[in-house]
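Accompanying notes for the structure given below.
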Amino acid sequence: MVLRIEDTDADRSKPELIAAIHDSLTWLGIDWDEEYRQSDRFDLYRGAADGFLSQGLAYRCDCSRNDVIARAEATGAAEAGYDGHCRDRQVEPGEGVVVRFRTPDEGSTRWNDLVRGPVEFDNSVLEDFIIVRSNGVPMFHVANAVDDLDMKISHVVRGEDLVNTTPRVLLLMAALGATSQPVYAHLPLIVNEKRQKLSKRRDDVAVGHYRDEGFLPTALRNYLLTLGWGPKDGQEIRPIEDFIKVFELSDINKAPAFFDLKKLEHFNREYVTALPVDQFIQLSAPFAGEVDSELYARLAEPVQSRVKTLTDIPALLDWVVGDPPEPSEKDWKKVMGKETVPAVLDAVIDRLVSCEWTPAALESAVFGVGEELGTKTQLPVRMAVSGSRSGLPLFEPMAELDRAVVLNRLRAARAKL
RNA sequence: GCCCCCAUCGUUCAGUGGCCUAGGACACUGCCCUUUCACGGCAGGAACACGGGUUCGAAUCCCGUUGGGGGUGCCA
């Protein structure tokens, strides 16, 4: 496994961007044996380009972008490629001069793509593309051709959006005298709800985003695997080792797949609940907020089984750690609007003033009132104490609070009725 | 414009000529469980884009239509 930072474009080699790549890969459990940075290897690429130049496989061109477009429009086509204007003009090096590769006019360039099957491009549709910019920096095509050969890259697995540039690299590799080429696999794109390629601006594409949103790397990676591919037996959540045994690049679909956050969340919940508690505590602690670590450990189990993403945790604990949230009027009315509630709260308050302060004692006090009055009592108490009609099992966290705090909340709720 | 590609439930994957009255998962709906919620269990609605072929037989093969996507940079 080679990690190659393809930073032939100057602003791609910013340290923080590279660090993000390292972090994301590592977080996902992907490691590498060798690492290269193309910006360290410019000389190699320039050497290759010079070789092409001296062999007549490439030539200098001083046409501006506008010249190229203007000529293309003149020939009728709304937008076509470069027309080969400078092929035999013997342009000398200088300001605004680039080097272009002379693509063959005939024949075709082909490869056997692992996911797309045989792919063939007529060389006639390939324009003479730029291999060295006017500032002397080689383009990524040359860099890739040189590096793939030099690093003996066996497999190139990438997005379908790169299919069209593959013939260029193949032509370059052939010009470099390559006797074999890497195996290519062009994966279907992942699309958004509008069925468009995920974009950095509009969509959440950064791995780090999902980490910050409380997803487990195992869940993300497992979910991603089910996009464009699936195990024959339909068992889509399982250890990576199992997938490695049956996965084949050649089984991958060609159709683009929608990134379904709902399903990712489902996967994540499965992975979170499967965690041993101590591991859950360790992984989730950074998301838990300002909670005493021993208190958190005591409540971790019920928290774990109620969480889709780790970012759900603070909301589950808010009323234990601090004041309960203000319930919505709708929820309040629904629970506290029943005519039995005042009596329930009065009786519960009465019992809690003196009962033992343990989960079991609290439960029997609250339920005892229920039996006495012939009604359910948990919901009003829960609403009064936690500010919500859903959440953690009531009595364990409740016993963690001071008696005075609980009584205050109950009395406040009673007064608000 | 030109080049490349795609097309099974809302989403995703399975299905590679008969086993399909098309299956699983997510989502959704209902019921059960439960003195909260979630989990779990059960049930339900929901798809082979369209038109031609080929074949005894087509979701599966071929052609076309329609719809969609990607590329077309001195970005990668």
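We name chains A, B, ... by the order of the sequence lines, and we start the count at 1 in each one. Note that these values count all heavy atoms, side chains included, but never hydrogens, waters or copies made by symmetry.
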Taking N and O atoms by type only, does the side chain of [X] place a donor or acceptor under 3.5 Å from a partner on the base of [N]?
{"X": "A:R306", "N": "B:C37", "result": "yes"}
{"X": "A:N164", "N": "B:G70", "result": "yes"}
{"X": "A:S305", "N": "B:C39", "result": "no"}
{"X": "A:E160", "N": "B:G71", "result": "no"}

Legend entry - Whole-Å C1' distance, B:C61 and B:C3: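 One C1' to the other, the span is 26 Å.
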Inset, instruction - Using the aromatic ring of A:F258 (for Trp, its six-membered ring), decide whether it stacks on the base of B:U12 within the limits of 5.5 Å and 30°. - result: no
Is any side-chain N or O of [X] closer than 4.0 Å to OP1 or OP2 of [N]?
{"X": "A:K232", "N": "B:A14", "answer": "no"}
{"X": "A:K263", "N": "B:C13", "answer": "no"}
{"X": "A:N144", "N": "B:A76", "answer": "no"}
{"X": "A:R195", "N": "B:G70", "answer": "no"}
{"X": "A:R269", "N": "B:C39", "answer": "yes"}
{"X": "A:T273", "N": "B:C39", "answer": "no"}
{"X": "A:R238", "N": "B:A25", "answer": "no"}

Inset, instruction - Using atom CG of A:D161 as one end and atom P of B:C75 as the other, report the distance to the nearest whole Å. - result: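 It is 17 Å, rounded to the nearest whole Å.
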Inset, instruction - Starting from P on B:G24, measure out to CG on A:D233 and report it in whole angstrom. - result: 14 Å
Inset, instruction - Step through it carefully: locate the ring centre of A:F42, locate the ring centre of A:F140, and say whether they are under 6.0 Å apart. - result: no
Inset, instruction - Compute both the distance and the angle, then confirm whether A:R100 meets the cation-pi test with A:Y82: under 6.0 Å from the six-membered ring centre, within 45 degrees of the axis. - result: yes
Legend entry - Cation over ring face, A:R41 and A:Y36, 6.0 Å, 45°: yes
